[in-house]
2 protein chains.
Amino acid sequence: MSHTMREVAERAGVSPATVSRVLNKTQYISPDTEQRVLKVVRELNYYKNVHARRLSTGQSNLFGLVISEIANPYFPEIIRGFQGAAWDKGFDVLLFNTEYSPARTESVIRKLIESDVRGVAIMTSSVDTKTTAELTAAGVGVVFCNLGPPGRLVSNISIDYQRGISQAIEHVVALGHRRTAVIAGPGDNRTAITIRRALIAGLNRHKLNPLPVIDCNYRIDSGASAVRSILSRSERPTVVFCGSDLIAMGAMNALEEEGVQVPDDVSVIGIDDISFAFLARPPLTTISVPRERLGAIAFEALQKLMKLKRQKGAEYYLGTELVIRKSTAPAKQQVSRSVT
Amino acid sequence: MSHTMREVAERAGVSPATVSRVLNKTQYISPDTEQRVLKVVRELNYYKNVHARRLSTGQSNLFGLVISEIANPYFPEIIRGFQGAAWDKGFDVLLFNTEYSPARTESVIRKLIESDVRGVAIMTSSVDTKTTAELTAAGVGVVFCNLGPPGRLVSNISIDYQRGISQAIEHVVALGHRRTAVIAGPGDNRTAITIRRALIAGLNRHKLNPLPVIDCNYRIDSGASAVRSILSRSERPTVVFCGSDLIAMGAMNALEEEGVQVPDDVSVIGIDDISFAFLARPPLTTISVPRERLGAIAFEALQKLMKLKRQKGAEYYLGTELVIRKSTAPAKQQVSRSVT
DNA sequence: CCGGTTTCTGAAACCGGTTTCTTAGCCCTC
DNA sequence: GAGGGCTAAGAAACCGGTTTCAGAAACCGG
């Protein structure tokens, strides 16, 4: 339905080339002609076709962003950071979710390549190297989060959980806790693995051996069932570290349902500081991850990567920090022994 | 970096036309040739360029989805519903957020037209008619939610809050409440206005005159300040209806901070049933809006709209339903009169 | 064995921009 | 007033697919 550039050109009595030059300011055009063209553009309500532009310039002003699931509250801030940065520079972003399915991931990657994106940020940690290879082979840059080291056309953003975790452990030790448990997240997830390691190492440093270290996925209800399995043991922990806020909230829920008070009976600590963490009852003590910044940096990293094409990518670091709210409290002196 | 169709053609000893036909199955090709082409496609790892395809077919397999803000938990399910439906039919979606800014909305619309989308679903209720006119003028179909009646190339999905609201009011009346308050949402928001009207009408039907009816935006903290202003009055309500779950959660937060117990002292009811509603403390009683379905229907509506081009759009309806959780309880016999 | 179909494939035009190459016209200088 | 250097704008090729049109080959029936 829309008009074409030639129509504009004809109506303004100039050549298409001139219209193009006026619209892109790529060459000086006499003010007279320029005005005439712009007038027609307004009259006709002309929009230039992005696809034609992409085709002829061979440059696609598109970047891809891959996440697992839109409903997971971990992602919104990342998306916003990424989109915001892209928008500021005049780039568009194609958002795809993998729904945790490898098959779907594959289609997504294909779509991205077909769309001729300049680069893609992969914020899921369940991607295999085959996938990234496919992307780089097609000449598109890749940035991911918490996966291997950078390589040709791929950069990595590493979230350093160390600092936040240390703070959390010190906080908990200062409150007098000695019996800890860890619900880490999916056992095959790089991020979850990293977090679990850091947690265990940190606890050991304080001569604490976390009791159950439990695998679960990132859905809320699995935090709940993990907690139930912990409660069924004879020696109950007084604090449980969770691999994500979602898990933590599920855990708090289950705890409450089992009649265990948070934080009076057991303290719980999450990771991420999702926007709802402070709305939880009690407000969740958690290790905050700068997700909006993560998104923004991912975009910048991609831009940089595409500038120095075929160079090796870089490694970026992002810190974390403990946010103390109300889900942690001093350890109870008397540890209940009752086996429910 | 990627290969072109002509390269494939050359390597397979056929013409580009043949390659195109093989890849799109648009015409019968001898098995022999077909295999040869497919083999080369695999060898070269060839991806066809979407932009070229869009350009030459004049069909853009793209749909747009406009929301206010990605971080607002109202939207994820809508996005998922829309994307899911689109994905199933092989369409891609361009997601944009307006950040509540008219200027930004305008750029977004421009981008959508330039991208030659087939249709766009506008899930923000802060859009003016000028905007939709621009879209329809460019021949792209529009579907929105809770805005005016359908017209040429525009359909509307109307969420019928009536049923849910009636249920909520009956629920509350049955619990013995007589003093109600309403925190509706932004006064210039069509949805908020609709909800407020329905609420007041419903309450009047039970001979109840809601006390303060307060405007606020959709951010959490404004639910909190609205509640504070309500508490400062001498006659306190025993139940407050909120125009969204976010407002309700902000309200509960503030209530708790002011030492008012939910639901013992005052009950609160939200609208939307966002995914966190059941995680609130106490779990929120709310009127659920089928948002994933809303997204899916929006897509279907767009498809239908584009099929019978230049026809008048249709009106769709979506029901709502009360979900009773723990934020509502019987009214206190003795109403506190203390002015804090 | 010949004319008429049908089947398979290629040549070329086209989609709507961008960009290179070229030229017409102008100004300036000597 | 002629020649050199600029400037503004057009013609045409091109990006990478799709599709129409046309033709060669194969096939078929009589």
Side-chain angles (χ1 to χ4, degrees), chain A residues 1-38 40-41 44-62 92 110-111 113-118 138-139, chain B residues 1-38 40-41 44-62 92 110-111 113-118 138-139:
Chain A
M1 294 300 104
S2 231
H3 298 277
T4 84
M5 198 151 168
R6 289 177 221 281
E7 289 177 291
V8 174
E10 196 174 344
R11 215 161 185 297
V14 300
S15 76
T18 303
V19 177
S20 172
R21 292 195 266 250
V22 168
L23 259 28
N24 299 309
K25 304 190 205 313
T26 114
Q27 199 181 87
Y28 183 76
I29 294 287
S30 76
D32 179 34
T33 319
E34 181 170 10
Q35 286 314 312
R36 201 143 32 93
V37 169
L38 289 177
V40 176
V41 166
L44 256 42
N45 224 284
Y46 167 75
Y47 291 90
K48 59 177 186 242
N49 183 312
V50 171
H51 307 302
R53 174 169 229 285
R54 281 177 192 152
L55 185 56
S56 66
T57 58
Q59 296 260 317
S60 87
N61 94 320
L62 274 179
D92 290 347
R110 164 165 284 269
K111 285 239 173 201
I113 297 179
E114 286 180 352
S115 300
D116 197 22
V117 292
R118 303 267 266 259
Chain B
M1 295 302 103
S2 232
H3 297 277
T4 85
M5 198 151 172
R6 288 176 222 282
E7 291 177 291
V8 173
E10 196 175 343
R11 214 160 186 297
V14 299
S15 76
T18 302
V19 178
S20 172
R21 292 194 265 249
V22 168
L23 259 28
N24 299 309
K25 304 190 205 310
T26 123
Q27 203 179 96
Y28 185 75
I29 294 288
S30 77
D32 179 33
T33 318
E34 181 170 10
Q35 286 314 312
R36 200 143 31 93
V37 169
L38 289 177
V40 175
V41 165
L44 256 42
N45 224 283
Y46 167 76
Y47 292 90
K48 60 176 184 239
N49 183 314
V50 171
H51 307 302
R53 173 168 230 284
R54 280 177 194 152
L55 186 57
S56 64
T57 58
Q59 295 258 318
S60 86
N61 93 321
L62 273 179
D92 289 347
R110 164 165 284 271
K111 285 241 173 198
I113 297 179
E114 286 179 351
S115 301
D116 196 22
V117 292
R118 304 267 267 257

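Letters A, B, ... are given to chains in the order of the sequence lines, protein chains preceding strands, and every chain is numbered from 1.
- In terms of position along DNA chain C, the nucleotide closest to B:Arg21 lies nearer the 5' end than the nucleotide closest to the other residue of the pair B:Arg21 and B:Ala52.
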Check against side-chain contact (heavy atoms from CB on, under 4.5 Å), A:Val8 and A:Leu44 | CA-CA 8 Å; A:Val8 174; A:Leu44 256 42; 4.2 Å; yes
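- Set against C:dC8, D:dT19, C:dG17, the side chain of B:Thr57 has D:dT19 as its closest nucleotide.
- If you take CZ of B:Arg54 and C1' of D:dT18, they are 15 Å apart, rounded to a whole angstrom.
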Atom pairs under 3.5 Å: protein N/O with N/O of nucleotides 23-28 of chain C:
none

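- For the contact set between residues 23-30 of chain B and DNA chain C, defined by any heavy atom under 4.0 Å, the members are B:Gln27, B:Tyr28, B:Ile29, B:Ser30.
- When distances run from any side-chain atom of B:Thr18 to the nucleotides D:dG10, C:dT9, D:dG17, the shortest one goes to C:dT9.
- In this structure, CG of A:Asn49 is placed 13 Å from C1' of D:dC15, rounded to the nearest angstrom.
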Between A:Leu38 and A:Val22, does a side-chain contact (heavy atoms from CB on, under 4.5 Å) hold up when you go through it step by step?
-> CA-CA 8 Å; A:Leu38 289 177; A:Val22 168; 3.9 Å; yes
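- The pair B:Lys111-A:Asp92 meets the salt-bridge criterion, since a charged nitrogen lies less than 4.0 angstrom from a carboxylate oxygen.
- The distance between atom CG of A:Asn61 and atom C1' of D:dC15, rounded to the nearest whole Å, is 16 Å.
- One finds no side-chain N or O of A:Arg53 lying less than 4.0 angstrom from the OP1 or OP2 phosphate oxygen of C:dG16.
- Rounded to an integer number of Å, the gap from NE2 of A:His51 to C1' of C:dC15 is 12 Å.
- Residues A:Arg53 and A:Asn61 are not in side-chain contact: their nearest non-hydrogen atoms beyond the backbone lie 4.5 Å or more apart.
- Separating the CD atom of A:Glu10 from the P atom of D:dG10 is a distance of 13 Å, rounded to the nearest angstrom.
- Residue A:Ile29 comes nearest to A:Arg21 through the heavy atom pair CD1-CB, 4.1 Å, listed as atom of the first residue, atom of the second, then distance.
- Rounded to an integer number of Å, the gap from B:Arg36 CZ to C:dC8 C1' is 12 Å.
- Distance B:His3 NE2 to D:dG17 C1': 16 Å, rounded to the nearest Å.
- Considering every non-hydrogen atom in both B:Ala12 and B:Val40, the closest pair reads CB-CG2, 3.7 Å.
- Here the OG1 atom belonging to A:Thr18 is positioned 11.5 Å from the CG atom belonging to A:Leu23, to the nearest 0.5 angstrom.
- Side chain of A:His51 to main chain of B:Ser115: a donor-acceptor pair is present (N/O by atom type, distance under 3.5 Å, no hydrogens or angles).
- A:Glu10 places no side-chain N or O within 3.5 Å of a backbone atom of A:Glu7 that could act as its donor or acceptor partner.
- Note on B:Tyr46: every side-chain N or O is 4.0 Å or more away from OP1 and OP2 of D:dG16.
- Counting any heavy atom pair closer than 4.0 Å across all strands shown, B:Ser20 reaches a base atom.
- In this structure, B:Val14 and B:Arg36 approach most closely via the heavy-atom pair CG1-NH1, 4.0 Å.
- Atom CG of residue A:Asn49 and atom CE of residue A:Met5 lie 11.5 Å apart, to the nearest 0.5 angstrom.
- Base-pair partner of C:dC15: D:dG16 (Watson-Crick or G-U wobble, both distances under 3.5 Å).
- Here D:dA8 presents its P atom at 15 Å from CD of A:Gln35, a figure rounded to the nearest Å.
- The shortest heavy-atom contact between B:Ala138 and B:Ile113 is CB-CG2, 3.7 Å.
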For nucleotides 12-14 of chain C, tabulate all protein N/O to nucleotide N/O atom pairs closer than 3.5 Å, reporting atom names and distance.
none

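- D:dA22: Watson-Crick or G-U partner is C:dT9, with both key distances under 3.5 Å.
- In this structure, B:Val14 reaches the sugar-phosphate backbone alone: every heavy-atom distance under 4.0 Å involves primed, P, OP1 or OP2 atoms, never a base.
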